[in-house]
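Just so we're on the same page: letters track the sequence lines, and every chain starts at 1. Only a predicted model underlies this, so the values are computations on that prediction, with no experimental measurement involved.
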Amino acid sequence: MQIRVQEAPFDYGAESARFTDGCNGIGAVVTFCGIVRNDGGALQAMEIEHYPGMTERALTQIAEEAARRWTLADCLIIHRFGRMTPGEKIMMVATASAHRADAFAAADFLMDYLKSRAPFWKKEFSGDSAEWVAAKDADEAALERW
Amino acid sequence: MQIRVQEAPFDYGAESARFTDGCNGIGAVVTFCGIVRNDGGALQAMEIEHYPGMTERALTQIAEEAARRWTLADCLIIHRFGRMTPGEKIMMVATASAHRADAFAAADFLMDYLKSRAPFWKKEFSGDSAEWVAAKDADEAALERW
Amino acid sequence: MTLDILYFAWLRERIGLPRETVTTEAATVADLVAELSAREDRYALAFSDLSAVRVALDQDLADFDAPLAGVREVAFFPPMTGG
Amino acid sequence: MTLDILYFAWLRERIGLPRETVTTEAATVADLVAELSAREDRYALAFSDLSAVRVALDQDLADFDAPLAGVREVAFFPPMTGG
């Protein structure tokens with residue numbers, strides 16, 4: 001299980017390849033990458049605040065819960081904080097399992113829980129305005145799937 | 001929509017990065033990678049036979065169906081044929097969407113349909129034996145989810 | 001009518017060839033299978049359990065009762081195992 | 001008891017500081033919120049709609065009726081929006 005919370009960009013392709021090769025013939029890898037949306041050019045930048053200490057703790061708990069529910073060879077979560085511009089990669093998760101159903105379900109679960117249970121907050125900058133992104137009811141509702 | 005059927009290995013990390021960067025700020029990318037299983041060292045090699053012409057046609061139809069069912073910015077399918085050894089990457093799919101639910105569902109759907117509807121057949125070589133892999137009932141049953 | 005018939009995976013191995021061209025008056029896939037099976041044991045053996053055989057007509061999956069009129073290429077193969 | 005209190009996102013902005021240390025006899029999170037809200041308008045404003053506020057005790061999510069006994073660090077923040 002690999003958890004990284006960092007301000008610096010990460011190399012999505014290299015991390016995906018490294019994670020997959022590290023699992024040495026495990027059958028199925030699913031990755032998710034979250035990217036700052038372009039939204040037609042209106043958004044200039046996004047800033048992500050987090051709660052150092054609790055962030056790592058929450059992500060570890062979510063990953064451990066995934067490992068309890070599904071048979072996983074490994075999982076990886078990388079999440080950035082700080083200022084990012086459209087097109088930049090915000091975060092990724094990766095799951096490896098002998099069977100694709102486990103890898104898909106675990107990655108989907110990690111994303112749902114990370115969205116609503118890991119202490120990150122997004123602020124969007126467009127023109128003169130700066131606004132905190134509101135949590136979506138749909139994101140909270142998504143947790144009930146599990 | 002990008003469909004590639006090839007004998008040569010592909011660079012999973014580079015393809016994932018290229019696909020994601022090509023979608024220019026679309027929000028969510030899900031990728032799946034299928035790898036020849038190690039299975040405790042018993043498996044020496046795997047050979048994949050396919051039906052040239054029908055393979056590309058079937059993969060295109062499956063990708064088009066995914067694009068009808070979900071809002072996708074793009075999708076990619078790469079599938080190899082020929083001889084591969086444990087740890088080698090067999091295939092990948094990638095989906096890009098503004099919303100993670102669409103990207104996850106479409107990638108999961110592509111895999112389920114590809115497994116049972118695209119004309120590939122696997123033969124496994126272990127010791128002196130060579131056996132065609134039998135289709136799993138679970139794979140056929142998985143189609144009923146959609 | 002003249003048809004190209006393709007065989008894949010263990011059907012190719014049992015029948016012993018990847019493709020052949022046949023002239024037939026078979027109306028459906030089932031008729032064609034019966035005609036081939038009557039020809040030689042290796043065909044009868046390959047087609048002995050049709051629940052383990054899939055068929056494509058001109059590269060689209062089809063059923064055994066599908067008509068052959070207008071078809072150019074018939075392929076027989078086991079259930080797919082890609083991915 | 002002495003508590004470190006942390007504020008994040010718009011709670012931090014409205015209250016005007018990222019963290020402070022308070023000495024309190026509050027028994028629960030709700031008691032602490034009432035005590036802070038009584039102190040100054042900026043707290044009352046930040047805590048005016050508790051349905052939009054989440055709380056963590058020693059870095060674990062908790063409810064507003066959770067007891068503060070033994071707690072060292074309390075954090076208030078809006079619903080999370082990561083991923």
Is chain A contacted by the side chain of B/A107, its backbone, both, or neither, given a heavy-atom distance below 4.5 Å?
->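 Looking at B/A107, backbone and side chain both touch chain A.
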
For the residue pair B/Y12 and A/V29, establish whether any side-chain heavy-atom pair is separated by less than 4.5 Å.
->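 Touching, per the 4.5 Å side-chain cut-off.
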
Mind checking whether A/I26 and B/N38 have side chains closer than 4.5 Å, heavy atoms only?
-> no

Do you know which of B/R18, B/K115, B/E88 has the most heavy-atom pairs under 4.5 Å to chain A?
->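 Greatest number of close heavy-atom pairs with chain A: B/K115.
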
Heavy-atom pairs under 4.5 Å with chain A are the metric here; pick the option from B/L43, B/N24, B/V93, B/D11 that has the most.
-> B/N24

If you tally heavy-atom pairs under 4.5 Å against chain B, which of [options] wins?
| options | result |
| --- | --- |
| A/A17, A/C33, A/G87 | A/C33 |
| A/G13, A/G34, A/G27 | A/G27 |
| A/A138, A/A94, A/A98 | A/A98 |

Would you give the length of the straight line joining atom OG of B/S16 to atom CE of A/M92, rounded to the nearest 0.5 angstrom?
->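 One finds 8.5 Å between OG of B/S16 and CE of A/M92.
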
Kindly check if the number of other-residue, nucleotide or ligand heavy atoms within 6.0 Å of CD (B/E131) is above 12?
-> no

Could you verify whether a donor N or O on one side chain and an acceptor N or O on the other, from A/T31 and B/T31, lie under 3.5 Å apart?
->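 Judged by distance alone, the side chains do pair up.
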
Check whether the ring centres of A/F32 and B/F104 lie less than 6.0 Å apart, and answer yes or no.
->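 Ring-ring flag for A/F32/B/F104: true, centres closer than 6.0 Å.
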
Closest non-hydrogen atom pair, A/A28 against B/I35 | N-CD1, 4.5 Å

Is A/D112 paired with B/R100 through a side-chain N to carboxylate O contact shorter than 4.0 Å?
-> yes

